[in-house]
Amino acid sequence: MSQSSWNQHIRGIKHTQRAQKSSVPTNVEPRLAMSVPGQIFCELCMVLLKSKKKWNKHLQSDLHKRKEAYVSYKAALDEAEKDKNGIIVEGDFDFGIVDPSQASKGSSVTVTLKTATPNSRVILEAWKFVSSRGISSGFTITPQDVNRQITLRQSVKLNVALKQKYIGRYEDRLEFVLKDVQLKKQFFISRSLRAIVGNKEDHERLKPKAPYVPKKWTKRSAETNVVEGVKPPTVKTIPYIGKLPRAPIPSVILTILAEGSVKEITAHIKRTFMPTMLNSDTFSRHFRTLLWVEEARMEQDLERYDIFNATLTKDRGSYYVAVPGLAEKRPSVIIGDRILVQQDGAREGDWYEGFVYFVRQTEVGLRFHQSFKGWTPGKRYHIRFKLNRIPLRRQHQAMDMVFQEDRVLLPMNAPIDYNLHRGPILRYHDENIAANVQQKQAVTSIVRMPPGSPPFIIFGPFGTGKTSTMVEAMLQVLDSNSEARIIACTPSNSAADLLITKLSSKLNTETMFRFNAPSRLRISVPDDVMQYSYIKDDPHSEIRPFAVPILKIKRFRVVVSTCVSASFAAGIGMPRGHFTHIFIDEAGQATEPEALLPVKTIADPNTNIILAGDPKQLGPIIRSPIARALGLHVSYLERLMNRDAYNIERNSGNTVIKLLQNYRSHPAILKFPSEQFYSGELQVCGEAAKINRYLRCSLLPNPTFPIVFHAVYGKDDREASSPSFFNIDEVLQVKQYVKELRSSKKFRTGENAIGIITPYHAQVLKVRAALRGYADGIKVGSVEEFQGQERPVIMISTVRSSKEFIEYDLRHTLGFVANPRRFNVAVTRTQALLIIVGDPQVLSIDPMWRSFLNYIYNNNGWKGPSPDWDTTAPVDPEGRYDEIVRERAQLDMNEFSSKMEELTLDGVDEDDGGGVDQPWREIE
């Protein structure tokens, strides 16, 4: 049943009468059917099987067997905690939320073992803690007196205490070993101990608003009758001379994508649509297929944001709808986008198309066809977001272009005449570049490139000044060649704005132009960039969008744009070869169709192409796992660097240069990522005052080592229908560090100096909520949001934690925290102080994280409970450390299970929910 059908159902007389008779609300959420004719529901795994054959196969699956084993274990655990043989164990073993100041001093409860059975004589022989986590929980137990006998007249009293100075969640299992004197038989009773060390008020404020219930996604019903909306004037701002191709997804691809596992669908797409070899003839077909696969997933992911039973407000002919998450581009909505609206109660397929005219902080303004009638403030509407296909259609258009030069698409390892007899560059615009061997070589090579050379790559690891090198090279190209014309592109508006800012001290508004898409909001454009932009002054338009000064456009020597928006040049009829050079900064963050869009649409055989980026950092955001498996996540820059022509050892200075001098980070922060990702070649060149700023800060366990790993054994949680994770314990620890930094007189730190990175959107929101009213100016965001940025202080909250190692699939629990590129970006954003808060037992199952944690611990940068592994042992890059952890936990549990009839246990898979945390990127 579709959502609209469900809404009609719950308004029906039959449903309403039954709800009233049962005294339950009428407005309820649909639930998964547990009984469907011809199908079998597995309550253990919460899955519906379509046939007896699939049911039998499911019973033999690892998932079902693990679930079955875990249920058996839990039953045994419950049995162990029952009072037995007449013995009653009294006392509150849940300490609840204990304030850190109290927990560090100690908190205790009294436990009593007694019996109500006449003539019973039992001796308490021993007690012990059996921690399932292998860490010191901080619980202790001491008897109140020497008595160990339990009779009707006599009980045994003990004190159970908690002493713990670290924020987090602590659990232990206390086992009482008892002996019945008459029967001469031993038995035991178990109790689970729990405590949360943290601020109770914060826990109450941040706890889940509602229990997590996975949202059941139903396929959208067909839109059979859509009344076209009124397009905003922005769509006609640029006088394009041709039409974009429609490039609809072929129905056969949609059919293949509709059913099967990722592995099966990937193999089918590859076999049916993908060419066996990538060359200039197959290039277009290869990437068109990948674009279609990605588009299908993008459209599917947009369904997550559909809004039901929304109200509209009206103002000056526009209808406004509130969109939660709009400010964070969840979803990304720009002027000109389409949003479908259906009045509650309308026929299922009837929709009105609304075009976005205005985008505010939390709402968008739509305009409809004049037949849109009957609006009232209380009327309910269903909102359906539609994918803006214009960027994808531009990429399809570019892929179809006949520009297919092998020197651009598939460059070979051939000597290049760089006119080496030409004299050196005498005057650098940036004097620092003249003192940097690699930057100087890059600029020289770019200036001397003969027309029609293979692309030149500036491989710029973090903090090495790749953008500054690009800017210097652009200025030198202009100085050395009066006929030179440059179009400089980036994947994002922010990166393009940065190029304008860096070039603005040398180039005036008559020389340089910043092309902004007409859909871009003026409020998002920095003041120093606005003067290089052009706004169409149309007295009849209330929007006044960005445009192109048609009469002047060919006079500019430098045009700056995003990669996708660069299609404007060909679109308005600028000839191929008008631009002698195409510079693409942050090229590793663009998909190959994006990066090649300006190349394939406006380059000619003489155009030179220069790319800058770092293939070791995050690549483009790809939503479809199938498109990712087929290679869409590999950027143009990365693909080229995997070719022999870009071997750095053989071709340094010829086709590629690697920048080595790092101007950002303290040596201790630089060392680990340099060795892991850059062959240990990065050199410390940062200003001492900047990179040594936090040495001897009281937060540091080692005063000369500005990295802290703070072990927090918390609980990852979810709420309502959001699959994104958060961890309140880590939030509180991050907040504590912020307070200490902000209040330190010697190391007082402004809000703009701190960045907080976390991979889950739900954690972003919880951290912001915890800091609200105290430190609102601190940027909190995902790793993707921090790429290209830096701060004096970076804090990282890794979020994932596993309360029961037996219960969870640890590698799945770690999720995308273990992505090497995400790791690289996260730990390299800081200049002087890096603080990581996380669960070491979960992080250490990933070999890279284990190596990093060893590095920190062995340099005395650790806070919190110590690691439970040998930090001096070599780390196996292919090590299955999750299996080691599970085996160790298994041994612990086997000892327990042998007392409860030899139960066997294994892990349980869970949904990572990472997809919802993939941000939407605005590429116009």
Side-chain angles (χ1 to χ4, degrees), residues 408 411 416 418 425 428-430 432-449 453-478 480 484 486-492 495-496 498-499 502-503 558 560 563 580-590 592 595-596 598-599 607-619 635-643 645-664 674 677-679 681-683 685 787-788 824 828:
V408 172
I416 299 171
Y418 275 98
I425 296 170
Y428 282 87
H429 295 272
D430 183 347
N432 293 324
I433 287 182
N436 183 308
V437 174
Q438 291 80 30
Q439 287 180 318
K440 189 175 178 180
Q441 177 64 67
V443 173
T444 302
S445 296
I446 292 167
V447 170
R448 294 182 179 178
M449 286 173 69
S453 296
F456 187 89
I457 293 178
I458 302 172
F459 174 14
F462 67 98
T464 55
K466 56 182 174 291
T467 299
S468 297
T469 308
M470 286 278 276
V471 167
E472 182 67 34
M474 291 165 67
L475 293 173
Q476 294 295 344
V477 165
L478 296 177
S480 64
I486 294 171
I487 183 165
C489 303
T490 68
S492 67
L498 180 61
L499 282 179
K502 285 182 171 289
L503 287 163
V558 176
V560 179
C563 293
T580 59
H581 294 73
I582 299 174
F583 283 77
I584 305 176
D585 198 12
E586 300 294 354
Q589 296 179 44
E592 183 149 0
L596 284 174
V599 176
T607 307
N608 282 338
I609 299 152
I610 299 91
L611 310 173
D614 180 3
K616 303 296 184 180
Q617 295 188 45
L618 287 178
S635 68
Y636 176 46
L637 176 136
E638 183 179 0
R639 184 174 67 80
L640 290 187
M641 289 194 66
N642 288 330
R643 296 183 65 82
Y646 293 88
N647 181 291
I648 293 175
E649 292 182 4
R650 292 198 302 267
N651 290 306
S652 181
N654 189 21
T655 55
V656 62
I657 198 76
K658 181 179 180 181
L659 306 183
L660 301 176
Q661 293 181 297
N662 179 280
Y663 299 98
R664 176 180 296 167
S674 176
F677 299 100
Y678 306 106
S679 305
E681 294 180 314
L682 300 188
Q683 303 160 12
C685 297
Q787 179 148 302
N824 186 27
T828 58

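For the numbers below, each heavy atom of this structure counts, side chains included, while hydrogens, waters and symmetry mates do not.
- The residue from Ile584, Leu640, Leu637, Ile582 that alone fulfils the side chain to side chain contact (heavy atoms under 4.5 Å, CB included) condition with Pro455 is Leu640.
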For this session: Starting from the C-alpha separation in whole Å, work towards a yes-or-no answer on side chain to side chain contact (heavy atoms under 4.5 Å, CB included) for Lys658 and Thr464.
Result: CA-CA 9 Å; Lys658 181 179 180 181; Thr464 55; over 6 Å; no
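- The nearest pair of heavy atoms linking Val656 to Phe456 is N-CE1, 3.8 Å.
- At least one side-chain heavy atom of Met641 sits under 4.5 Å from a side-chain heavy atom of Ile648.
- In terms of heavy atoms, Ile446 sits closest to Ala473 at CD1-CB, 3.8 Å.
- For Asn647, the side-chain contact (heavy atoms from CB on, under 4.5 Å) partners two or more places apart in sequence, or in a different chain, are Glu649, Arg650, Asn651.
- For the residue pair Cys489 and Cys563, the shortest heavy atom distance occurs at CB-SG, 3.9 Å.
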Problem set entry | Step-by-step side chain to side chain contact (heavy atoms under 4.5 Å, CB included) determination, Phe462 to Tyr663 | CA-CA 9 Å; Phe462 67 98; Tyr663 299 98; over 6 Å; no
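- Looking at every heavy atom in both residues, Gln661 comes nearest to Val437 through OE1-N, 4.3 Å.
- Applying the salt bridge (Lys or Arg N to Asp or Glu O under 4.0 Å) test to every pair with at least one member in residues 466-478, sequence neighbours left out, gives no pairs at all.
- Nearest heavy atoms, Pro461 versus Leu659: CD-O, 3.3 Å.
- Closest non-hydrogen pair, Leu499 versus Val471, comes out as CD2-CG2, 4.0 Å.
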For this session: Please test Gln438 against Gln441 for side-chain hydrogen bond (donor to acceptor under 3.5 Å, both in side chains), starting from the C-alpha separation and ending with a verdict.
Result: CA-CA 5 Å; Gln438 291 80 30; Gln441 177 64 67; over 6 Å; no
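- The number of heavy-atom neighbours closer than 6.0 Å to NZ of Lys616, taken from other residues, nucleotides and ligands shown, is 12 or below.
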